[in-house]
Amino acid sequence: MPPVRELTLVGFSLFSMGAKNLYLQTFGCQMNVYDSERICQLLAARNYRLVEDPSEADLIFLNTCSVRVKPEQKVYSALGRFQALKKKKPTLVIGIGGCLAQQEGGKFLQRFPYLDFVLGTKEFGRINEVLDDLEVLGKRGLAISLDGRIDPYASLPFPPSSSKATAFVSIMQGCDNFCSFCIVPYVRGREVSRPSRDILEEIRTLAAQRVKEVTLLGQNVNSYGNKTPGEIGFTGLLEAIQEIQGIERIRFTTSHPKDLSRALIDSFGRLSKLCEHIHLPLQSGSNRLLKRMNRGYSGEEYLERVDGLREACPEISVTSDVIVGFPGEEEADFQSTLDLVERVQFDDLFSFKYSDRPYTRAAEFHDKIPEDVSRRRLRELQALQRGITLKRNKLWEGKEVEVLVEGQSKANAEENMGRTRTNHIVNFPGKSDPHGTLVWLRIEKAFAHSLRGERRS
Ligand code: SAM
Ligand code: SF4
């Protein structure tokens, strides 16, 4: 998955007199962004509108991540800042939700007396109930059950609403894989697939709102439906989405290499709307460490899958995640990772220093790697990948590509930004193409993080 990033959702359309202000900060992955969009919908019913400045807020909600220690620390420092705001404005309500909220539960309420409520990863649907209790009874809220709600989205009152050309769609929750470094199964619960009927209805609604591209979200989309008798599997779901009029592009994340089936590999060459990009987390190139990580594949098997993907779809871009400094990682293990990264030639790579997480098996391993060694390995891996990414990006120069316009370029407000089907960012001159338009561009120049295009004459 792309690196943990911090973002504030703004611009959710709202209306009317007496509106209250919501400041919503989202940490972490696309799944959290999706959940935050649902929170916005639920709070819209209570007449909240989004604001960019927390000092204007009546309600501050932090949707948190606990996959590594860094995003966790960001949440604690944000909470410190917001305490000062509450001192100035005692009616301010502060709530916290998501993975860190699930992990810490009631401890949050004890530790931060100014915090008004804590919502776990499967309890977002109860935000209005919790706010009612707070407003009417003055009761601080704690809702962190992981088991009660099979489909935490089933209770949402509205169809999804989007003014964008792209949308995330959650197709499953939780994970059963228990990779030894990962906290996700403990804070998001066991794997549960959403009924395909609901997913398809959500995508049809999005298509009617002129959404062109959907990204299906799950911790391991490859095992979608496997635990539900009679449910279509993941490739069946892709085939059904392929038939939805108005949807032009389908993406998904994340795929676990151990469950990447032949049928899914073949879908890339077969389904015209399925974009030519796969995010396939490797984690390590050392078979010894892959075993210790409980990943369920070897480096050789990983390579076979990538070769199969490139055979079925030669233009596919492949991105990945790697952890360095996993407990017990010796120089030879790290060298195996560098060798595999060199051999695969990823289009992009998200690399992280191992971080101890509560509940996980790896947290109990004694052979931890010193911080300076992990840091040096991360630098070395990133330097290798920078060169590979640039080399891979250069292969696009002179080619013609279809780009979905997503908005203004970050670097230059006079330019547009869009993405190719292979998920490369392209900046190009002109502001005339409305967001959501598909345009054909010629790639003039490749950089480390983006491409530059010109309209095809
Ligand atoms: N489900 C996805 C998969 O199977 O790869 C990944 C989900 S995880 C939220 C995103 C990425 O965070 C992982 O691929 C891994 O590289 C990284 N990650 C997870 N736990 C970590 C830890 N304890 N320390 C460092 N990185 C970690
Ligand atoms: Fe975490 Fe592994 Fe599940 Fe991914 S597959 S969410 S890394 S336990």
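Just so you know, ligand 1 is whichever comes first in the structure, and atom 1 is the first atom listed for that ligand. Side chains included, hydrogens not; waters and symmetry mates left out as well; all remaining heavy atoms used.
The closest protein non-hydrogen atom to atom 1 (Fe) of ligand 2 is Cys182 SG, 2.3 Å. Protein heavy atom at the shortest distance from atom 2 (Fe) of ligand 2 is Cys179 SG, 2.3 Å. Here the protein heavy atom with the shortest distance to atom 6 (S) of ligand 2 is Gln219 OE1, 3.4 Å.
Taking 4.0 Å as the cut-off between side-chain N and carboxylate O, Lys391 and Asp347 do not count as a salt-bridged pair. Taking the charged nitrogens against the carboxylate oxygens, Arg377 and Asp372 have no contact shorter than 4.0 Å, which rules out a salt bridge. Of the charged side-chain nitrogens involved, at least one lies within less than 4.0 Å of a carboxylate oxygen, so that Glu380 and Arg376 count as a salt-bridged pair. Ion pairing between a basic and an acidic side chain is recognised when a charged N comes within 4.0 Å of a carboxylate O; Lys273 and Glu248 show no such pairing.
Here Phe178 has backbone heavy atoms under 4.0 Å from ligand 2, and that is the only part of it that gets that close. At a 4.0 Å heavy-atom cut-off, ligand 2 touches His256 through the side chain alone. With a 4.0 Å heavy-atom cut-off, ligand 2 is reached by the side chain of Cys175 but not by its N, CA, C or O. For Pro281, every heavy-atom contact with ligand 1 shorter than 4.0 Å involves the side chain, none the backbone. At a heavy-atom cutoff of 4.0 Å, ligand 1 is contacted by both the backbone and the side chain of Phe181. With a 4.0 Å heavy-atom cut-off, ligand 1 is reached by no atom of Met31. Only the side chain of Arg357 comes within 4.0 Å of ligand 1, counting heavy atoms alone; its backbone N, CA, C and O stay farther away. With a heavy-atom cut-off of 4.0 Å, Ile323 touches ligand 1 through its side chain alone. Contacts between Pro281 and ligand 2 below 4.0 angstrom, taking non-hydrogen atoms only, are absent altogether.
Per-residue contacts place Phe352 under 4.0 angstrom from the following atoms of ligand 1 (heavy atoms of the residue considered): 16 (O), 17 (C), 26 (N). Counting atoms of ligand 2 from 1 in the listed order, those under 4.0 Å from a heavy atom of Arg295 are 2 (Fe), 7 (S). Distances below 4.0 Å separate heavy atoms of Tyr354 from the following atoms of ligand 1: 24 (N), 25 (C). Here is the list of ligand 2 atoms found below 4.0 Å of a heavy atom in Pro185: 8 (S).
Considering both main-chain and side-chain atoms, Gln219 comes within under 3.5 Å of ligand 1 through a nitrogen or oxygen pair. Taking only nitrogen or oxygen atoms, main chain and side chain alike, Asn220 does not reach within less than 3.5 Å of ligand 1. Here's the thing with Arg68: one of its N/O atoms is less than 3.5 angstrom from an N/O atom of ligand 1. Some N or O of Asp321 is nearer than 3.5 Å to an N or O of ligand 1, by distance alone. Checked by distance only, ligand 1 and Gln283 come closer than 3.5 Å through their nitrogen or oxygen atoms.
In this structure, CD in Glu371 is found 3.5 Å from NZ in Lys353, a value given to the nearest 0.5 Å. In this structure, CZ on Arg419 lies 11.0 Å from CG on Leu451, to the nearest 0.5 angstrom.
Side-chain contact annotation: Thr422 with Ser317, donor-acceptor N/O pair under 3.5 Å absent. For Glu402 and Thr420, the side-chain atoms include no donor-acceptor pair closer than 3.5 Å.
Between Val169 and the choices Ile199, Leu200, Ile250, Thr215, the side-chain contact (heavy atoms from CB on, under 4.5 Å) rule is met once, by Ile199.
Using a 4.0 Å heavy-atom cutoff, Arg188 is absent from the residues neighbouring ligand 2. In this structure, Lys258 falls outside the shell of residues with a heavy atom less than 4.0 angstrom from ligand 1.
Side-chain N or O atoms of Arg295 include none that pairs as donor or acceptor with a backbone N or O of Lys291 at under 3.5 Å.
Remark: aromatic rings of Phe350 and His279 are close, center separation under 6.0 Å. In summary, the aromatic rings of Tyr34 and Phe168 are positioned with their centroids too far apart to meet the 6.0 Å limit. For Phe234 and Phe252, the gap between ring centers is short of 6.0 Å.
Within the 4.5 Å cutoff, no side-chain heavy atoms of Ile94 are placed close to those of Leu85.
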